[in-house]
Amino acid sequence: MLTAFLTTIATCLGMGAILLAVRRLSGLPRSLWINVGLTLAGGGIILILHLITPDLMGFETWQGLGFEIGKHALELLVILLVLVAF
């Protein structure tokens with residue numbers, strides 16, 4: 001469970017930093033809708049990572065579906081907060 005927690009934190013902060021760099025390098029303005037769009041793109045990338053590496057970032061079925069949905073919703077919220085904050 002600690003591994004899942006740490007990979008979730010690393011994924012959220014890393015994805016937020018990458019999307020922040022993409023926004024700055026592409027010259028996109030700081031807009032809520034652009035941040036939401038980038039967050040959704042980050043969610044798609046997280047989904048691809050989950051499908052590619054099921055052992056490290058796969059679904060933890062022993063916690064239940066509600067836990068998984070909540071965990072991934074919090075991941076997207078943290079990514080959005082990183083984009084809005086910076």
Subject >> All pairs passing side chain to side chain donor-acceptor pair (under 3.5 Å) where residues 20-40 contributes a residue, at least two apart >> reply: Arg23-Asn35
Original post:
If you link I, L, V, M, F, W and Y whenever their side-chain heavy atoms are under 4.5 Å apart, who else ends up in the same group as Leu40?
Top reply: Leu32, Val36, Leu80, Val84
Original post:
Say you draw a straight line from CG of Leu28 to CG of Leu19; how long is it, rounded to the nearest 0.5 Å?
Top reply: 11.0 Å
**OP:** Taking all heavy atoms of Cys12 and all of Ile79, pick out the closest pair and write down the distance.
**Re:** O-CG1, 3.7 Å
Original post:
Hey, what do you get for CG (Leu38) to CD1 (Ile18), rounding to the nearest 0.5 Å?
Top reply: 12.0 Å
Original post:
Shortest non-hydrogen contact from Gly16 to Leu83?
Top reply: O-CD2, 4.1 Å
Original post:
Can you list the other members of the hydrophobic cluster that holds Leu77, where links are side-chain heavy atoms under 4.5 angstrom apart?
Top reply: Leu74, Leu81
Subject >> Sequence neighbours excluded - side chain to side chain donor-acceptor pair (under 3.5 Å) pairs with any residue from residues 76-86 >> reply: none
Subject >> Separation of Thr11 OG1 from Glu75 CD (nearest 0.5 Å) >> reply: 6.0 Å
